[in-house]
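The sequence lines fix the lettering, A, B, ..., with proteins before strands; numbering per chain opens at 1.
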Number of protein chains: 2
Amino acid sequence: MMLSRASKYAILSTLFLAEHSSVEKKISVKVIAESIDVPSPFLAKLFQQLVRGKIISSTKGPNGGFYLNESNGKRNVLDIIENIDGLTKLNDCFLGLNECDSENPCPVHFIVEPFKENILGKFRDKTIMEFAQEISEKGRVLTLKDITPKVKK
Amino acid sequence: MMLSRASKYAILSTLFLAEHSSVEKKISVKVIAESIDVPSPFLAKLFQQLVRGKIISSTKGPNGGFYLNESNGKRNVLDIIENIDGLTKLNDCFLGLNECDSENPCPVHFIVEPFKENILGKFRDKTIMEFAQEISEKGRVLTLKDITPKVKK
DNA sequence: ATTATAAAAGATAAAAAGATCTTATTATAT
DNA sequence: ATATAATAAGATCTTTTTATCTTTTATAAT
């Protein structure tokens with residue numbers, strides 16, 4: 001249940017686009033990378049894949065950039081993870097057993113399983129758009145930058 | 001919440017020792033590696049660290065091997081993970097934010113947090129010995145091998 | 001004491017993940 | 001039409017994780 005960095009960056013930047021972009025207002029990789037504090041060449045690669053997966057949209061050229069269209073906004077967080085890491089990573093046995101189910105459970109199966117189901121459900125049922133709404137209404141952090149500046153020495 | 005392979009191997013093999021070894025009955029890396037189907041040189045390295053961390057015990061020489069003593073058995077699963085991966089990995093923000101707490105939450109903070117607390121508690125409160133007891137009483141799988149043999153073609 | 005056995009330690013290798021760089025393409029504004 | 005701004009694609013480099021190999025050290029049995 002620990003995501004790759006790629007997936008983390010993907011979720012953050014997609015939510016960032018959900019909040020700040022639109023068909024009329026596209027945003028460049030560079031701006032997004034700086035906002036969420038992520039290496040921009042890496043994010044560029046990632047975005048290519050997200051575009052192919054129809055998680056986000058893009059247009060090239062002047063005033064081009066990345067944005068979310070109507071249907072992008074209806075995708076969910078699990079779609080993003082699936083597109084980058086694949087779902088096996090999330091569904092696989094916590095201890096890595098090849099076969100682990102209620103018939104042949106690993107030692108932690110009945111501890112982990114209920115959580116997994118529940119949390120995956122939450123990531124599946126809430127759309128990116130709905131997340132974005134909560135982000136702007138309630139205030140959520142969308143950057144890897146330090147936000148509480150340390151006191152100067 | 002996804003462990004490294006090292007941690008997974010460590011948990012499986014420690015539980016294996018809990019069930020099958022004792023001060024009088026030590027077990028060699030080779031036997032354990034074959035039982036749980038894990039590369040034995042890798043497991044050997046891992047065991048060195050677990051011994052240093054007082055998760056398991058060892059003696060060299062003829063009839064030597066690895067085993068759990070009384071106090072080893074009182075450790076918990078979280079101790080193992082801490083010894084191999086460290087706890088930061090488990091405690092860190094799901095989306096990788098540097099600072100993420102209820103004051104400055106990431107977009108999934110309030111979804112993930114309750115689960116994390118709960119599951120970590122379960123891994124902290126149950127001793128290795130108790131796990132081993134459940135394993136032998138209720139039957140749990142402790143190997144990466146395929147257990148349901150595929151039908152021959 | 002000698003020998004066989006098993007872990008400890010250290011050095012090395014291979015694979016995967018993460019990050020970067022360079023060169024196309026494409027689309028738009030002029 | 002042309003220059004330009006931005007993504008797309010592919011090649012390459014670095015770091016971390018996983019795995020292996022070799023040598024040394026400790027221990028117990030004989």
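You'll find that the side chain of A:Ser58 is closest to D:dT7, out of D:dT7, D:dA9, C:dA19. Checking D:dT18, C:dA8, D:dA8 against the side-chain heavy atoms of A:Val51 singles out D:dA8 as nearest. In this structure, the nucleotide among D:dA6, C:dA6, C:dT20 sitting nearest to the side chain of A:Ser28 is D:dA6. Comparing C:dA19, C:dA8, D:dA19 by their nearest atom to the side chain of B:Arg5 picks out D:dA19.
In this structure, CD1 of A:Ile32 is placed 8 Å from P of D:dT7, rounded to the nearest angstrom. Residue A:Ile84 contributes atom CD1, which lies 13 Å from atom P of C:dA17 at whole-angstrom precision. Look at CD on A:Gln49: it is 15 Å from C1' on D:dT7, rounded to the nearest Å. Atom pair A:Leu50:CG and D:dA8:P shows a separation of 10 Å (rounding to whole Å applied). The separation between B:Gln48 atom CD and D:dA19 atom P is 16 Å, rounded to whole Å. In this structure, CG of A:Leu46 is placed 14 Å from P of D:dA9, rounded to the nearest angstrom. Distance, A:Phe42 CZ to D:dT7 P: 17 Å, rounded to whole Å. Rounded to whole angstrom, the span from the CZ atom of A:Phe47 across to the C1' atom of D:dG10 amounts to 20 Å.
Using a 4.0 Å heavy-atom distance criterion, B:Ser40 is classed as making no nucleic acid contact. Across all strands shown, A:Ile27 has heavy atoms under 4.0 Å from sugar-phosphate atoms exclusively, and none from any base. When heavy atoms are screened at a 4.0 angstrom cut-off, A:Pro41 is found touching base atoms of the nucleic acid. At the heavy-atom level, A:Phe66 lies under 4.0 Å from the strands shown only through sugar-phosphate atoms.
Considering only side-chain N and O atoms, A:Arg52 lies under 4.0 angstrom from the phosphate OP1 or OP2 of D:dA9. An OP1 or OP2 oxygen of D:dA19 is reached within less than 4.0 angstrom by a side-chain nitrogen or oxygen of B:Tyr9.
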Under 3.5 Å, which protein N or O atoms sit close to an N or O of nucleotides 25-30 of chain C? Give each pair with its distance.
residue: C:dT26; atom: O4'; partner: A:Lys60; partner atom: NZ; Å: 3.3

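With rounding to the nearest 0.5 angstrom, the SG atom of A:Cys93 is 10.0 Å from the CG atom of A:Asp101.
Side-chain atoms of B:Lys45 and base atoms of C:dG10 include a donor and an acceptor less than 3.5 Å apart.
Shortest non-hydrogen contact noted between A:Asp37 and A:Leu144 is O-CD1, 3.7 Å.
For the pair B:Lys54 (side chain) and B:Asn72 (backbone), a donor-acceptor distance under 3.5 Å is absent. Using a distance-only test at 3.5 Å, with no hydrogens or angles considered, a donor-acceptor pair links the side chain of B:Ser21 to the main chain of B:Leu68. No donor-acceptor pair closer than 3.5 Å links the side chain of A:Asp125 to the backbone N or O of A:Lys122.
For the ring pair (Phe, Tyr, Trp, His ring centres under 6.0 Å) with A:Tyr9, the qualifying choice from A:Phe42, A:Phe47, A:Phe16 is A:Phe42, the only one to do so.
With no hydrogens or angles considered, a side-chain donor-acceptor pair links B:Asp85 and B:Ser4 at under 3.5 Å.
Taking the six-membered ring where the residue is Trp, the centroids of A:Phe94 and B:Phe123 are separated by under 6.0 Å.
Judged by closest nucleotide on DNA chain D, A:Lys30 is the one of A:Lys30 and B:Leu43 placed further toward the 5' end.
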